[in-house]
Structures are given as structure tokens and as C-alpha cells.
Amino acid sequence: MGLGRLLDWKRRPERATYERDRVGDAERWDERDVLFSRTDLHRRYGIDSEEACEYYERHPEHLEYDTKIGTDYGLGSKAGVDAPMYRVSFATAARLAAESFVDGEPAAERVELTPERATAKIKAFARLMGANLVGTGPLRQEWVYSHVGRAIGPVGDQSERGAPVDISHHTNAISFGLQMDYRLIQSAPDFPTLVATAEGYGRGAWVAVTVADYIRRHGYSARAHHVYNYHVISVPVAVDCGLGELSRAGFLITKELGLGLRLATVTTDMPLEHDGPVDIGAQSFCERCKLCAEKCPSEAIPKGEKTEYNGIMKWKLDEEKCYRFWQAVGTDCSLCMVNCPWTKPPTWIHRLMATVAGIPGPHQSFMVWADRVFYHRGRPWGRPEYMEDRS
Ligand code: SF4
Ligand code: SF4
């Protein structure tokens with residue numbers, strides 16, 4: 001095996017690693033229960049609105065927390081004159097959340113392609129549009145939201161909050177990984193990491209809507225799912241598409257980018273070849289490594305064992321604790337991301353280390369120790385020269 005192939009090597013098991021931890025069926029989630037959908041409910045309708053009353057009658061357990069956090073994302077309060085650096089990316093993503101962008105009628109005539117050829121073309125096109133990672137897999141309906149929660153986008157061209165989601169005719173998914181700027185996330189938890197987050201989501205929106213449109217022009221149904229208009233839960237779909245695994249930090253971990261990426265998705269009825277899931281050794285590595293949990297200022301990441309959540313044993317992130325810290329610090333945080341040993345620039349030495357780290361065994365504990373010793377001094381980095389310093 002040549003060095004390049006060794007560096008890119010990944011185990012491809014038949015079933016995703018979360019399947020080993022499955023203890024029951026997963027129920028479809030209602031997107032209205034997602035934290036950002038709840039803040040949008042307040043922002044759009046108000047805490048005393050009919051919509052809010054209806055929601056909290058069904059979910060009184062969220063009322064106290066949601067009342068406290070209110071409508072204020074708390075993000076960007078440290079941004080000052082540089083606020084447009086993150087707002088433009090989110091504003092573009094919001095425009096691209098219009099139903100007319102994420103979905104549409106397929107062309108009347110179908111272009112006949114083999115699944116292999118179609119997949120190769122779509123992957124190449126997605127990379128051309130700006131995706132760093134692309135994977136394909138089956139769309140499992142358990143990862144499709146039951147109802148729309150967020151309805152962001154131009155008025156009159158939005159998804160309807162509370163509408164049932166039905167994309168049962170979509171059998172395939174394409175998952176995109178968007179690398180976050182390594183320099184900017186090293187400032188965590190300061191404003192530049194918010195710029196990196198927004199840029200990743202903005203590019204993800206662009207990639208997803210262009211790829212979905214590309215597929216529709218071949219005569220197949222296709223829908224984009226991105227930061228402001230999801231009908232699927234992007235992390236487990238990305239796992240099924242072979243981008244990475246579930247991590248202790250609660251989100252996707254990849255061999256190439258660690259935790260330092262954002263996701264977008266396209267679902268379709270176009271026949272595609274599946275990459276299949278990967279086993280990059282993250283489950284046994286995360287068992288030994290607790291760096292993200294130790295560095296998390298809000299104790300949102302569990303330090304202990306996996307627990308059952310919706311039919312799967314997993315490390316469950318406490319989003320409410322995490323988000324409260326974002327509000328307190330005035331930006332999204334990313335400390336878990338930058339402290340993860342897998343979040344490194346893709347130099348050959350780091351790629352080699354990731355390959356070795358992916359083989360389960362006691363050497364993984366040594367690698368965690370070495371990462372603590374050699375990488376976790378002197379953080380965070382300051383702001384880059386082109387941003388104003390408001391520290
Ligand atoms: S983003 Fe920050 S607060 Fe949230 S889980 Fe990661 S380290 Fe904790
Ligand atoms: S910091 Fe360690 S425990 Fe957390 S996600 Fe990364 S490898 Fe897993």
C-alpha cells in the first residue's frame with residue numbers, strides 16, 4: 001500500500017458504528033423541539049403568542065429554560081465593526097433557505113446514468129462547488145424530522161412551521177463536510193470562531209442547493225438541507241454516508257477534519273452508489289480521551305459512559321448548557337472542537353497519526369497523553385490581523 005492510500009485508509013464495516021450501540025428503535029424527532037427552533041418561536045411569534053402557548057402546553061419541560069434565554073442568541077456581541085463578517089454568511093444561507101431554492105420540480109426528461117457514474121459526477125461537482133468531504137448512503141427515514149421546526153427564509157417562500165415532513169420517496173442521501181477555517185477556530189471561545197462557523201454554514205447552503213438543483217435537472221427529485229432549512233438530522237445521515245462517526249462531543253468526528261467542520265445534505269430518489277459507513281476507531285478513542293469534556297466550560301459533554309437516548313447508547317451533549325455558555329461569552333464556543341486531538345491541519349504527519357489513532361488499542365491512551373503534552377499550551381490564539389481586537 002502506498003503512503004497516500006495508507007493515509008486515506010478507513011475501515012468500511014457493513015453497519016455504522018452506532019448500530020453496535022443500538023438498544024431499540026429511534027423515533028423520528030420533531031424539529032420544533034430543537035433548541036434553535038424554540039428560540040425562533042420566540043423571535044417570530046413572541047412568548048405570549050398562540051403558537052408559543054400551544055407548544056408549551058405540549059412541552060412544559062422547556063418553558064423555564066426558554067423563557068430565560070428569550071429571543072437573544074447572544075451571539076456576535078463581541079464582534080463590533082466586524083459583525084458583518086459572520087452576518088453576511090448567515091444572511092446568504094437564510095436567502096438560500098427559501099423553498100424555491102432547496103426544492104423544486106425535476107426536469108421532465110430523465111438523464112440515464114448508472115449509479116456509479118451519477119455518484120462520481122455528483123461528488124466531483126460538489127467538490128467544485130466548495131465541499132471538502134462528500135459521502136453517499138441510504139436515507140433512513142428515522143433521521144427525517146416528523147415536523148418542520150424552523151421556518152426561515154424570504155416571506156412567502158418558507159417552509160411552514162409545524163407542517164408534517166414527508167420525503168419517503170427519497171431513498172438516498174449525499175452528505176457534505178465543510179471545513180472550518182483552522183486559524184479562526186483557534187481563537188475559541190472568541191468571535192473569529194463564529195466567523196468560521198458562519199462561513200462553513202454559508203458554503204454548505206450553497207453546495208447543497210446547487211447540488212440539489214443539479215440533480216433535479218437530471219429529472220430526479222432532490223432536496224437540499226442546510227442550516228436554515230433542515231428536514232433531516234444531518235449528523236446520523238453523515239454517519240450513514242461514511243463521513244465519520246458519532247463522538248463523545250455529541251457531533252460528527254471525521255478522520256480528515258476531526259470535529260472542525262459543518263454539515264449540509266441533499267436527499268434524492270436518484271439511484272446512487274453508496275460509500276457505506278466508516279469505522280475510524282473513534283468509539284474506542286473517545287472512551288480513552290475526554291479532552292473535549294474536560295475543556296468544556298459548561299460541562300455539557302459527559303465524562304462518563306454512554307447512556308441511552310432515542311434507542312441508541314451514546315454520549316449525549318447537553319445542548320442547553322452549551323448554548324447558555326454561548327450566550328454568556330457572546331459567540332459560539334468551539335472549545336471542544338479545537339481541543340479534540342483529531343482536529344488538526346491535514347498535513348501528512350497528522351494524517352498518519354489519524355490512521356494510527358484509528359486502530360483500537362492501548363496506544364490510543366498514549367496518543368491522548370501526547371496530545372495533551374504537545375498541543376494544549378498557550379491557547380487561545382488571538383484574532384487575525386484583519387479583525388479589530390476587542391479583547
Ligand atoms: S461548544 Fe463549548 S460549551 Fe458547547 S459543548 Fe463545546 S466546549 Fe462545551
Ligand atoms: S476530544 Fe477526545 S473524546 Fe472528545 S471527541 Fe475528540 S477524540 Fe473524542
Side-chain angles (χ1 to χ4, degrees), residues 17-18 21 34-36 65 69 73-75 78 180 184-198 200-201 235 238-239 243-262 278-307 314-344 350 353-361 363-376 379-380:
T17 50
Y18 68 75
D21 293 325
V34 173
L35 184 53
F36 284 117
Y65 179 90
I69 61 169
Y73 283 98
L75 301 184
K78 285 187 184 171
M180 292 170 68
L184 295 186
I185 61 175
Q186 296 304 318
S187 72
D190 191 17
F191 164 69
T193 191
L194 178 56
V195 178
T197 299
Y201 277 134
V235 172
V239 175
L243 255 52
E245 295 183 56
L246 295 180
S247 71
R248 180 185 289 276
F251 40 102
L252 188 78
I253 187 164
T254 67
K255 184 179 174 189
E256 297 85 352
L257 305 171
L259 303 179
L261 74 165
R262 298 287 138 174
V278 291
D279 178 353
I280 58 170
Q283 303 311 302
S284 65
F285 199 97
C286 287
E287 290 274 359
R288 296 172 159 90
C289 170
K290 298 181 169 88
L291 274 169
C292 54
E294 289 167 11
K295 299 287 181 178
C296 175
S298 65
E299 301 186 341
I301 300 173
K303 293 188 177 119
E305 301 296 311
K306 294 175 180 176
T307 51
K314 61 184 287 194
W315 291 292
K316 177 72 181 74
L317 172 73
D318 187 330
E319 290 96 354
E320 295 189 353
K321 285 184 180 173
C322 171
Y323 185 67
R324 232 174 356 236
F325 182 74
W326 291 14
Q327 281 200 315
V329 81
T331 173
D332 61 353
C333 161
S334 304
L335 278 170
C336 45
M337 182 183 292
V338 293
N339 282 289
C340 176
W342 295 67
T343 310
K344 295 281 192 301
H350 289 135
M353 288 296 109
T355 299
V356 176
I359 303 166
H363 66 284
Q364 291 178 317
S365 300
F366 171 76
M367 296 182 85
V368 175
W369 173 84
D371 199 85
R372 277 178 205 272
V373 172
F374 294 112
Y375 282 98
H376 294 279
R379 283 206 172 106

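Start at 1 and go down the list; that is how both ligands and their atoms are numbered. Everything numeric here is computed off the predicted structure, so don't read it as measured data.
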Quick check on contacts: which atoms of ligand 1 are under 4.0 angstrom from a heavy atom of [X]?
X: S334; value: 1 (S)
X: W326; value: 1 (S), 4 (Fe)
X: I301; value: 5 (S)
X: C296; value: 3 (S), 5 (S), 7 (S), 8 (Fe)

Query - Pairwise side-chain contact, L35 with Y65, heavy-atom cut-off 4.5 Å (strictly under) - result: yes

Query raised in the report: Between L252 and L243, is any pair of side-chain heavy atoms under 4.5 Å apart?
Result: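 Yes, close enough: below the 4.5 Å cut-off.
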
Query raised in the report: Aromatic rings Y323 and F36: how do their planes relate, parallel, tilted or perpendicular, breaks at 30° and 60°?
Result: perpendicular

Requested in this report: Kindly assign one of parallel, tilted or perpendicular to the pair W342 and F285, based on the angle between their ring planes and the thresholds 30° and 60°.
Outcome: perpendicular

Query raised in the report: Counting only heavy atoms, which portion of D332 has something under 4.0 Å from ligand 1: side chain, backbone, both, or neither?
Result: neither

**Report entry** ligand 1-proximal atoms of S298, by part, heavy-atom distance under 4.0 Å
**Finding:**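 For S298, the contact with ligand 1 is made by the side chain alone.
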
Can you tell me the protein heavy atom closest to [atom] and the distance?
atom: atom 2 (Fe) of ligand 1; answer: C333 SG, 2.3 Å
atom: atom 5 (S) of ligand 1; answer: L317 CD1, 3.6 Å
atom: atom 4 (Fe) of ligand 2; answer: C292 SG, 2.3 Å
atom: atom 6 (Fe) of ligand 1; answer: C336 SG, 2.3 Å
atom: atom 3 (S) of ligand 2; answer: C289 O, 2.8 Å
atom: atom 8 (Fe) of ligand 2; answer: C286 SG, 2.3 Å

Need the ligand 2 atom indices (1-based, order shown) with element for anything under 4.0 Å from a heavy-atom of [X].
X: F285; result: 7 (S)
X: W342; result: 7 (S)
X: R248; result: 3 (S)

**Report entry** N-O pairing of D21 and K306 below 4.0 Å
**Finding:** yes

Query - Salt-bridge present (R248, E245; N to O < 4.0 Å) - result: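 No, R248 and E245 are not salt-bridged.
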
Report task. Compute whether any side-chain donor of one residue and acceptor of the other, for D279 and T17, lie under 3.5 angstrom apart. Result -> no

So which heavy atom on [X] is nearest to which on [Y], and how close?
X: Q364; Y: S284; answer: OE1-OG, 2.8 Å
X: D371; Y: K344; answer: OD1-NZ, 2.8 Å
X: L335; Y: A188; answer: CD2-O, 3.6 Å
X: C336; Y: C292; answer: CB-CB, 3.8 Å

Query raised in the report: Looking only at heavy atoms of Y323, does any of them come nearer than 4.0 Å to an atom of ligand 1?
Result: no

Query raised in the report: So does C340 have any N/O/S atom less than 2.8 Å away from atom 6 (Fe) of ligand 2?
Result: yes

